[in-house]
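Note that these values count all heavy atoms, side chains included, but never hydrogens, waters or copies made by symmetry.
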Amino acid sequence: MPGLMARRQYPFHLIEPKWQARWAAEQTFRAFNPGELIPADHPFGLRHGLAGRTARPRELPPKCYILDMFPYPSGAGLHVGHPEGYTATDILARYRRARGWHVLHPMGWDAFGLPAEQYALRTGQHPRVTTARNIATFRRQIQSLGFSYDWTREVDTTDPAYFKWTQWIFLQLYHAWFNPATQRAESLDTLPIPSDCDTEAGRRAWRDAHRLAYVSEQPVWWCEALGTVLANEEVVDGKSEVGGFPVVRRPMRQWMLRITAYAERLLRDLDLVQWPDSIKEMQRNWIGRSEGAEVVFPIVPPEPAPPPPELRAANGAETIRVFTTRPDTLFGATYMVLAPEHPLVDRLTTPAQRPAVEAYRAAAARKSDLERTELAREKTGVFTGAHALNPATGARIPIWIADYVLLSYGTGAIMAVPAHDTRDLEFADKFQLPVVQVVQPPDPATDWRGFVDDGTAVNSANAEISLDGLPTAEAKRRITAWLEAKGLGRRTVHYKLRDWLFSRQRYWGEPFPIVWRRDADGTLYHEAVPEDALPVLPSELDDYKPTPDGQPPLARAHDWVRLPDGAMRETNTMPQWAGSCWYYLRYLDANNCRRFVHPAAEKYWMGAANSKSEIRNPKSPAPGVDLYVGGTEHAVLHLLYARFWHKVLYDLGHVSTPEPFYRLVNQGLILGEDGQKMSKSRGNVVNPDHILRDYGADAFRLYEMFMGPLEMVKPWSTKGVEGVYRFLGRVWRLFVDEQSETALEHAETTDGPRPDPAILDLIRLSPAIQELAPTPAQWKALHACIKKVTDDLEALRFNTAIAALMIFVNEAMTWPTRPVAVLRPFLQLLAPFAPHLAEELWQRLHLALGQTPTCLTYAPWPEHDPALLVEDQIEIPVQVNGRLRDKLCVPADLPPAELERAALTAPKVQPFLAGKTVRKVIVVSRKLVNVVAT
RNA sequence: GCCGGUGUGGUGGAAUGGCAGACACGAGGGACUUAAAAUCCCUUGGCCAGCAUUGGCCGUGUGGGUUCAAGUCCCACCACCGGUACCA
């Protein structure tokens, strides 16, 4: 009971559980797959003439797949941010059902993850137990909000029946390679094996080197505190994204996924989807495509040897390859820099410089990444003593090492053009290296030193080629062609995107369906677990810690690791992203134990239409998920990983669209009442359970949508909840007889603490509600509301749709009689927003009229009649020189000439025209008149 | 630094280039009540004038511009939020 609260506005505590129970019992929101039997009494079947039938895909209405980002069920329970997106999608799902679409609206749990495992480390309680408890809490909370999910499709990523298919998809990656010729993933069977791979081991190594899932000994981010490695994406500012613990670089054997092969398609196909520009831009930046050239710099042999006249990198001479986006500045390259870890450093360094170089390399290796970024501004570096030849100028240029050059990007080496690169200039200034201008800025007043934009090439000529006078773009083309002709370089495209580090040293994740064996030579190799042996279940453990030597927790389960035939199981597990990469596909056929999804279900719900024309047609179902709503925190990682998996599955013929999520909308963050981000330490966290208890689910939902535009960041206001709650109270009183309400309250007090919803039958309709013809004003109020709400729903403008409902109710409250013909459609408009209250009043209304109540969920959405909105008298503002002076009430069809005359003669306008000449009169038909007078 | 977003009353927010502030919150006043709560009604951007239901001026982060007309379009800038960063 709301102790401190005032009198309850309406009996939501009886209404909401009643309808939730009924929806659950009748499976009201169940979606049907092609070939599935639609029960004879199901309202979806009744509406579409499919009751009691097994519908073929073509007989089903157009599909609409409305998806939420499924939550991680944390121990803290639901947060008020969760229902924001869920309410938006629920409103849209209910609206689309009313409009006749076949809506798929599912929910599930992204339940692998660190917190349950860390809890297990402390208490010894199996993560499965914690997870199950948290899921139960989340499910209860979400269900108490009355969302129209099809719970028969609920998924849980930790359920073996689910992760069996996560492992299966991993095997698809494992058994595939990316064919550069077709730019697609293909079965490993199509991989050409070079003839010099003449041993079984050689062929195996070749195949392993091409798999989309491969093993690599790589420097990785190791987090001591978490006892695991992390993906690049999970390391923020040199600390773990989860918990903020220090991380260090360490070489380890890891599973990697070859996402870089898809860089170009991941970039290009952003054009196929309707996502916010900011998210597309973040993905583009993450992929980080840059066009340029690879250039080969010959190394000058140590000691006297004069520079060879030939610039060709032939005869086995050592070379340094660099990547540059500005090959046009090659003539200005006055020195080179290698990353300290670059493999050539050892061989290049002269004896005299070796001590300095070794010291610098050791210092760089010790630096945590945090230090490297924080101390980023001041350039450091050491001369190796070696020189290279600038292939354009033939000049001997010194080779340095410096940690501003990263081994992981490009080739790990750069040509430094200090005149036209900010970092190179800083470095050159510090170490007194020569600076040569090779680009002239378009504006002669601009200082060429440090000018990094496009301009005109200067000082760029040798015996064979001249770039002088060419604009940057042309100069790039010319020099690249010259380099290619001389075999000194080639056009290249580089990406920032790295391959995806896919293994974790954790317990609470999907085990890899992989075993390790030794061949006759004793060489270790990996091999897939056969499909019919899936799922690979993790072993039970007593201790969830990693082993002291850094082996994953599963390594403790010796019996589990060692198979009878001597093979050893992989003990790493997959990262949490794995389960969320494909859950939207499992929803399509969540209970299928023979396939990850039946092709017919996949084709129907994801839509086989994928030609451009069909994508652009708003009338046809979207290819893929029609609407995906979630927070921006997944702008890069989840959305990029899921797109990658989807594309692999698409290439291998398992799904029919190139992109998974056609339309994406990000809900904005909800801040605390103080305008700050909600956090336990600030004490400004709003508990949804309390809101639900005090105001009910409908008010909660309505408030979250009324706060402002969905995408916007906005602060919580409990006062605001009271506002929409009062609105729902007015709706209730619009329909209900006050006397009967008193009877209900009386019955409730005698009925004890848990009253039976059946006492709602004591409610009588207000005597003002009658079956009589509405007045024109009443028709207009309704149809204006229908139009506004419908338009706003189509554009996801929920806040203004609710305002329209309020305007209608405020007006309807003043009517002495309330025609059923107006109130009934109003309930349909209200239903997506406040479904419990709408259903209850809908039922009461029909019972009072002696009609059998139909299911409001599937009642066809009302259409507005433009004829009813036509005004015969309209108000026209009259301006003089752009300032409002009067308003005229005129017939709507008044001709412009007459409107102009009326405006000029209007009494309030006259004084402002006195002594002036009318120069011009702008008459905007049905809008306004503006008189220009001087 | 770069990329993206946002700046409108006391507050959340409305406004296809055409009456700025819809709808709500808060506040003030009134009705009902023994009283309070709830409910209902009125007022509510600022300044100035007036007994007056009124009238005038100013107002959408700042400065310019386009236009009969700008919160909305263009240019320059400022502030805040989010992302990202020696990416060659």
Side-chain angles (χ1 to χ4, degrees), chain A residues 5-9 236-237 276-282 284-286 288-290 292 322-326 329 337 339 372-373 375-379 402-406 408-417 421-424 426-427 452 494-497 632-633 635-636 666 668-669 671 675 677 703 706-709 711-724 726-727 729-730 733 738 788 797 799-807 810 813-814 875-887 908 911 919-924 926-933:
Chain A
M5 279 252 324
R7 185 175 175 278
R8 185 157 34 225
Q9 290 275 343
V236 178
D237 288 339
D277 286 339
S278 60
I279 303 295
K280 286 193 184 185
E281 202 52 29
M282 282 159 80
R284 286 193 194 102
N285 291 340
W286 197 264
R289 182 184 200 273
S290 46
V322 303
F323 173 69
T324 177
T325 52
R326 295 293 301 267
T329 63
V337 186
R372 269 205 189 188
T373 44
L375 306 172
R377 295 281 64 98
E378 186 64 16
K379 294 282 177 290
D403 64 3
Y404 83 90
V405 173
L406 309 175
S408 53
Y409 186 79
T411 61
I414 62 160
M415 65 177 209
V417 184
D421 182 282
T422 320
R423 299 148 303 177
D424 295 346
E426 272 175 49
F427 192 81
V452 298
H494 266 277
Y495 300 91
K496 258 183 359 187
L497 187 68
T632 28
E633 67 272 22
V636 182
N666 288 117
L669 200 66
L671 305 173
K677 203 167 170 173
Y703 173 64
F706 189 58
M707 292 170 86
E711 297 96 324
M712 214 181 249
V713 179
K714 41 210 178 283
W716 180 267
S717 158
T718 300
K719 284 289 186 192
V721 187
E722 281 178 32
V724 293
R726 278 201 288 265
F727 161 70
R730 281 202 298 283
R733 291 192 298 276
E738 283 183 53
K788 179 73 176 150
R797 288 188 302 246
N799 54 331
T800 49
I802 293 166
L805 294 170
M806 288 174 167
I807 290 168
N810 288 347
M813 289 297 276
T814 66
E875 201 182 53
I876 299 287
V878 180
Q879 300 178 334
V880 178
N881 293 329
R883 315 179 73 103
L884 179 69
R885 295 307 176 186
D886 200 1
K887 292 177 185 181
K908 288 186 187 166
R919 304 284 174 194
K920 197 173 174 185
V921 182
I922 288 106
V923 180
V924 183
R926 303 179 58 87
K927 280 277 188 210
L928 125 164
V929 179
N930 189 10
V931 182
V932 186

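Listed here is the closest heavy atom pair of A/Gly675 and A/Pro715: CA-CB, 4.3 Å. When all heavy atoms of A/Ala635 and A/Met282 are compared, the pair lying nearest together is CB-CE, 3.5 Å. Nearest heavy-atom pair across A/Tyr409 and A/Tyr495 is CE1-O, 3.9 Å. Considering all non-hydrogen atoms of both residues, A/Leu406 and A/Ala339 come closest at C-CB, 3.9 Å. A/Gly412 and A/Val405 make their closest contact through O-CG1, 3.5 Å (heavy atoms, listed as atom of the first residue, atom of the second, distance).
Between B/G4 and B/G12, the two P atoms lie 26 Å apart (nearest whole Å). Comparing the C1' positions of B/C19 and B/G45 gives a spacing of 16 Å, expressed to the nearest Å. Between the C1' atoms of B/U8 and B/A88, the separation comes to 44 Å (whole Å). A distance of about 11 Å separates the C1' atoms of B/G10 and B/U44, rounded to the whole Å. One P atom belongs to B/C75, the other to B/U43, and the distance between them is 43 Å to the nearest Å. Across B/G21 and B/G13, the matching C1' atoms stand 9 Å from one another, rounded to whole Å. B/A24 and B/A14 have their P atoms separated by 15 Å, given to the nearest Å. With both ends at atom C1', the span from B/C74 to B/U66 equals 7 Å, rounded to whole Å.
Relative to the side chain of A/Glu281, the nucleotides B/A88, B/C3, B/C87 differ in distance, and B/C3 lies closest. Distance from the side chain of A/Met712 is smallest to B/U6 among B/A88, B/G4, B/U6.
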For nucleotides 56-58 of chain B, list the nitrogen or oxygen atoms of the protein found under 3.5 Å from its nitrogen or oxygen atoms, one pair per line.
unit_1	atom_1	unit_2	atom_2	d
B/C57	OP1	A/Arg885	NH2	3.4
B/C57	OP2	A/Arg885	NH1	3.3
B/C58	OP2	A/Arg883	NH2	2.1

Might you list the N or O atoms of the protein lying below 3.5 Å from N or O atoms in nucleotides 39-47 of chain B, with each pair's distance?
unit_1	atom_1	unit_2	atom_2	d
B/U39	OP1	A/Gln9	NE2	2.7
B/U39	O3'	A/Arg733	NH2	3.4

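Note: CD (A/Glu633) to P (B/C81) measures 19 Å, nearest angstrom. We find that OH of A/Tyr409 is positioned 13 Å from C1' of B/A85, with the value rounded to whole Å. Atoms CG (A/Leu669) and C1' (B/U6) sit 14 Å apart, rounded to a whole Å. The nearest whole Å value for the distance from the CZ atom in A/Phe727 to the P atom in B/G13 is 20 Å. Atom CH2 of A/Trp716 is separated from atom P of B/A24 by 19 Å (rounded to the nearest Å). In this structure, the CZ atom of A/Arg326 is 21 Å from the P atom of B/C86, given to the nearest Å. The distance between atom CE of A/Met707 and atom C1' of B/G26, rounded to the nearest whole Å, is 16 Å. Atom CG of A/Leu497 and atom P of B/U84 are 14 Å apart (whole Å).
We find that A/Glu426 and A/Arg423 are not joined by a salt bridge, their nearest charged nitrogen and carboxylate oxygen being 4.0 Å or further apart.
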*Before giving the answer on side-chain contact (heavy atoms from CB on, under 4.5 Å), spell out for A/Asn930 and A/Lys920 the whole-Å C-alpha distance, their side-chain angles and the decisive distance to 0.1 Å.*
CA-CA 8 Å; A/Asn930 189 10; A/Lys920 197 173 174 185; over 6 Å; no
*Are A/Thr329 and A/Met415 close enough, and set up right, to give a side-chain contact (heavy atoms from CB on, under 4.5 Å), and what steps lead you there?*
CA-CA 10 Å; A/Thr329 63; A/Met415 65 177 209; 3.7 Å; yes
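Between A/Tyr703 and A/Trp716, the ring planes lie perpendicular to each other; the angle is over 60°, past the 30° to 60° tilted range. In this structure, A/Tyr404 and A/Phe427 have tilted ring planes: the angle between them lies in the 30° to 60° band.
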*Which dot-bracket string fits RNA chain B when only Watson-Crick or G-U wobble pairs with both atom distances under 3.5 Å count, crossing pairs get [ ], and | stands for a partner on a different strand?*
(((((((..(((.....[....)))((((((.......))))))(((((....)))))..(((((..]....))))))))))))....
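The side chain of A/Asn285 contributes no N or O atom lying less than 4.0 Å from OP1 or OP2 of B/A85. Within the 4.0 Å cut-off from OP1 or OP2 of B/G1, not a single side-chain nitrogen or oxygen of A/Thr422 is found.
Within the nucleic acid shown, A/Glu711 has no heavy atom closer than 4.0 Å to any nucleic acid atom. Within the 4.0 angstrom heavy-atom criterion, only backbone atoms of the sugar-phosphate kind lie near A/Gly723; the bases stay farther away. Contacts of A/Lys719 with the nucleic acid, taken as non-hydrogen atoms under 4.0 Å apart, involve only primed sugar atoms and P, OP1 or OP2. Residue-level contact check: A/Ile807 touches the backbone only, with heavy atoms under 4.0 Å from sugar-phosphate atoms and none from bases.
Glycosidic conformation of B/G9 is syn; the angle stays within 90° of 0.
Between A/Ile414 and A/Asp424, the closest side-chain pair of non-hydrogen atoms falls below 4.5 Å. The shortest side-chain heavy-atom distance between A/Val932 and A/Asn881 falls under the 4.5 Å cut-off.
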*How does protein reach along nucleotides 66-72 of chain B, written 5' to 3' as B (base within reach of a heavy atom under 4.0 Å), S (only sugar-phosphate), or - (no contact)?*
--BS---
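Between A/Asp424 and A/Pro709, the one whose closest nucleotide on RNA chain B sits nearer the 5' end is A/Pro709. Residues A/Phe706 and A/Lys496 both approach RNA chain B. Their nearest nucleotides, taken by heavy-atom distance, put A/Phe706 toward the 5′ side.
With sequence neighbours left out, A/Arg797 forms a side-chain hydrogen bond (donor to acceptor under 3.5 Å, both in side chains) with A/Asp792. Contacts of A/Arg726 classified as side chain to side chain contact (heavy atoms under 4.5 Å, CB included), with partners at least two apart in sequence or in another chain: A/Gln9, A/Glu722, A/Arg730.
Annotation: A/Arg926, atom CZ; neighbour count of heavy atoms from other residues, nucleotides and ligands within 6.0 Å does not exceed 12.
With A/Lys714 contributing its side chain and A/Pro709 its backbone, the two residues share a donor-acceptor pair below 3.5 Å.
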